[in-house]
Engineer: 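First, the structure itself, so that you have it in front of you.
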Amino acid sequence: MGIRFVLLVNKQGQTRLAQYYEHLTIQERRALEGEIVRKCLTRTENQCSFVEHRNYKVVYRRYASLFFLVGVDNDENELAILEFIHLLVETMDRHFGNVCELDIMFHLEKAHFMLEEMVMNGYIVETSKSNILTPIQLLDKAS
C-alpha cells in the first residue's frame, strides 16, 4: 500500500482533516497525529519536507496556515508525494478559491470528497483536476 494517511493541520497543531487508509484505533490515531504533528511543526523552513516516523515516511508541505501531511510506506517516492500534495492544494484552490483553514472547516465533506476522488485504498487513482471537481460541481448544482 502506498499512502497510509493524509492529515491537514493548522499552525497550532489542530487536525482539520484526517483520512486513513489502514485500520488504527482512535487512541492509536490520536497518538500518531500528536507525535507527527509535533515533529513536523517544530522543523524549520531550511529542513527538508521528509520525516521518518515509526514505520512511515511522512512527507509534508506548508501552504499558508495549513500543513498537508501524508504518511507513506518507506519505499514510496517522496517527490511524487510532494506533487500529489501540490495537486490536492491546486484542486482545492480551484474549487474554493485560494483554500484556507476555514474552507476546510466549513466544507469538510467536500474536502473529503476531493480526497476520495483522488485516492482509493491508499493509491492515487485520479490526477485530473476537472475529473475530480466535476462530481462536486454537479452536487453543488443539484442543491
Side-chain angles (χ1 to χ4, degrees), residues 1-24 26 28-30 32-143:
M1 182 186 300
I3 297 175
R4 298 298 180 131
F5 58 84
V6 176
L7 301 173
L8 271 64
V9 179
N10 68 8
K11 288 191 285 189
Q12 289 76 37
Q14 298 167 316
T15 303
R16 295 302 179 199
L17 180 144
Q19 181 73 43
Y20 289 86
Y21 300 101
E22 67 179 355
H23 176 71
L24 294 173
I26 299 296
E28 291 172 329
R29 289 180 183 191
R30 192 173 295 130
L32 179 69
E33 287 177 24
E35 293 166 5
I36 290 175
V37 167
R38 273 192 300 279
K39 195 178 262 192
C40 292
L41 266 60
T42 56
R43 293 171 64 88
T44 65
E45 293 272 333
N46 297 336
Q47 292 177 299
C48 75
S49 297
F50 318 131
V51 177
E52 300 222 358
H53 182 75
R54 294 189 192 174
N55 57 337
Y56 304 108
K57 190 183 301 179
V58 180
V59 180
Y60 69 95
R61 181 100 189 252
R62 179 180 173 188
Y63 286 92
S65 64
L66 283 174
F67 283 85
F68 290 74
L69 296 89
V70 179
V72 297
D73 293 327
N74 284 319
D75 59 344
E76 196 70 34
N77 184 338
E78 299 94 344
L79 296 178
I81 300 302
L82 277 175
E83 281 295 318
F84 165 73
I85 293 171
H86 190 68
L87 174 68
L88 178 60
V89 171
E90 283 182 336
T91 305
M92 289 181 171
D93 277 347
R94 184 180 286 184
H95 183 73
F96 296 119
N98 202 12
V99 67
C100 66
E101 182 179 354
L102 290 176
D103 292 323
I104 303 299
M105 290 173 60
F106 291 127
H107 304 286
L108 186 61
E109 69 285 347
K110 288 182 183 177
H112 270 287
F113 196 84
M114 285 179 210
L115 198 53
E116 289 169 2
E117 285 290 314
M118 297 172 80
V119 180
M120 186 178 297
N121 199 27
Y123 293 102
I124 298 169
V125 293
E126 184 62 70
T127 57
S128 168
K129 289 178 229 151
S130 59
N131 287 351
I132 294 164
L133 291 174
T134 299
I136 296 170
Q137 292 164 347
L138 289 173
L139 286 173
D140 286 344
K141 285 181 187 175
S143 61

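Position 1 is the first residue of the sequence, and the numbers go up from there. For clarity, every value in this text was computed on a predicted model and none was experimentally measured.
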Engineer: What residues form a side-chain contact (heavy atoms from CB on, under 4.5 Å) with Asn55, not counting sequence neighbours?
Structural biologist: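 Expected list: none.
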Engineer: Using the ring pair (Phe, Tyr, Trp, His ring centres under 6.0 Å) criterion, which residues pair with Tyr20? Sequence neighbours excluded.
Structural biologist: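 Counting only residues at least two positions away or on another chain, Tyr20 forms a ring pair (Phe, Tyr, Trp, His ring centres under 6.0 Å) with Phe5.
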Engineer: Excluding sequence neighbours, so at least two apart, what forms side-chain contact (heavy atoms from CB on, under 4.5 Å) with Met105?
Structural biologist: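 side-chain contact (heavy atoms from CB on, under 4.5 Å) list for Met105, sorted by chain: Arg16, Glu101, Leu102.
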Engineer: Mind listing the closest non-hydrogen atom pair of Gly2 and Tyr123 along with its distance?
Structural biologist: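 Taking every non-hydrogen atom into account, N-CE2, 3.7 Å.
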Engineer: Got a second to check how far Ser49's OG is from Arg43's CZ, nearest 0.5 Å?
Structural biologist: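 Output value for this atom pair is 7.5 Å.
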Engineer: Can you tell me which residue pairs pass the ring pair (Phe, Tyr, Trp, His ring centres under 6.0 Å) test with a partner in residues 89-111, sequence neighbours excluded?
Structural biologist: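 Qualifying pairs, neighbours excluded: Phe96-His107.
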Engineer: What salt bridge (Lys or Arg N to Asp or Glu O under 4.0 Å) pairs are there with at least one residue in residues 50-64, not counting sequence neighbours?
Structural biologist: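 Applying salt bridge (Lys or Arg N to Asp or Glu O under 4.0 Å) to every pair that reaches into residues 50-64, excluding sequence neighbours, yields Glu35-Arg54, Lys57-Glu78.
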Engineer: Is there a side-chain contact between Val6 and Leu69, using heavy atoms and a 4.5 Å cut-off?
Structural biologist: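 They are not in contact (no side-chain heavy atoms under 4.5 Å apart), so the answer is no.
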Engineer: In Å and rounded to the nearest 0.5 Å, what is the CD1 to CG distance from Ile36 to Leu41?
Structural biologist: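 Separation between the atoms: 12.0 Å.
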Engineer: What residues, two or more places apart in sequence or in another chain, satisfy side-chain contact (heavy atoms from CB on, under 4.5 Å) together with Gln12?
Structural biologist: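 Checked Gln12 against side-chain contact (heavy atoms from CB on, under 4.5 Å); matches are Asn10, Gln14.
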Engineer: Among residues at least two apart in sequence or on other chains, which ones pass side chain to side chain donor-acceptor pair (under 3.5 Å) with Thr15?
Structural biologist: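 Side chain to side chain donor-acceptor pair (under 3.5 Å) check on Thr15 returns Glu33.
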Engineer: Quick one: pull up OH in Tyr63 and CD1 in Ile85 and give me the separation to the nearest 0.5 Å.
Structural biologist: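 Atom-to-atom, Tyr63:OH and Ile85:CD1 are 7.5 Å apart.
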Engineer: So, do Asn121 and Tyr21 sit near enough that their side-chain heavy atoms are less than 4.5 Å apart?
Structural biologist: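 No - every pair of side-chain heavy atoms lies 4.5 Å or more apart.
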Engineer: Quick one: ring pair (Phe, Tyr, Trp, His ring centres under 6.0 Å) partners of Tyr60, sequence neighbours excluded?
Structural biologist: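 None.
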Engineer: Tell me which one of Thr127, Ile124, Val59 satisfies side-chain contact (heavy atoms from CB on, under 4.5 Å) with Phe84.
Structural biologist: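 Only one of Thr127, Ile124, Val59 forms a side-chain contact (heavy atoms from CB on, under 4.5 Å) with Phe84, namely Ile124.
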Engineer: Restricting to side chain to side chain donor-acceptor pair (under 3.5 Å), what partner residues turn up for Lys11, sequence neighbours left out?
Structural biologist: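 Residues passing side chain to side chain donor-acceptor pair (under 3.5 Å) with Lys11: none at all.
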Engineer: If you define the side chain from C-beta out and look only at heavy atoms, does anything of Glu117 sit under 4.5 Å from Glu126?
Structural biologist: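 Result no, sub-4.5 Å side-chain heavy-atom pair not found.
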Engineer: For residues Pro135 and Phe113, determine if any side-chain heavy atom of one lies less than 4.5 Å from a side-chain heavy atom of the other.
Structural biologist: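 Pro135 vs Phe113: side chains touch.
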Engineer: Can you list every pair that meets salt bridge (Lys or Arg N to Asp or Glu O under 4.0 Å) and has a residue in residues 128-140, with sequence neighbours left out?
Structural biologist: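 Passing the test, one end in residues 128-140: Glu90-Lys129, Lys110-Asp140.
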Engineer: Applying side chain to side chain donor-acceptor pair (under 3.5 Å), can you list everything that pairs with Ser128, at least two apart in sequence or on another chain?
Structural biologist: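 Residues passing side chain to side chain donor-acceptor pair (under 3.5 Å) with Ser128: Ser130.
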Engineer: Can you name the residues that form a side-chain contact (heavy atoms from CB on, under 4.5 Å) with Ile26, not counting sequence neighbours?
Structural biologist: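 Counting only residues at least two positions away or on another chain, Ile26 forms a side-chain contact (heavy atoms from CB on, under 4.5 Å) with Arg30.
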Engineer: Can you tell if the side chain of Ile81 reaches within under 4.5 Å of the side chain of Asn77, non-hydrogen atoms only?
Structural biologist: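 In short, these two side chains do not touch, never coming nearer than 4.5 Å.
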Engineer: Say you draw a straight line from CG of Leu7 to CZ of Arg29; how long is it, rounded to the nearest 0.5 Å?
Structural biologist: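 The CG atom of Leu7 sits 10.0 Å away from the CZ atom of Arg29.
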Engineer: Among Leu115, Ile3, Val119, which one satisfies side-chain contact (heavy atoms from CB on, under 4.5 Å) with Gln19?
Structural biologist: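 That would be Leu115; it is the only one of Leu115, Ile3, Val119 passing the side-chain contact (heavy atoms from CB on, under 4.5 Å) with Gln19.
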Engineer: If you compare all heavy atoms of Gly13 against all heavy atoms of Val37, which two are closest, and at what distance to 0.1 Å?
Structural biologist: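 Distance-wise, the nearest heavy atoms are CA-CG1, 3.6 Å.
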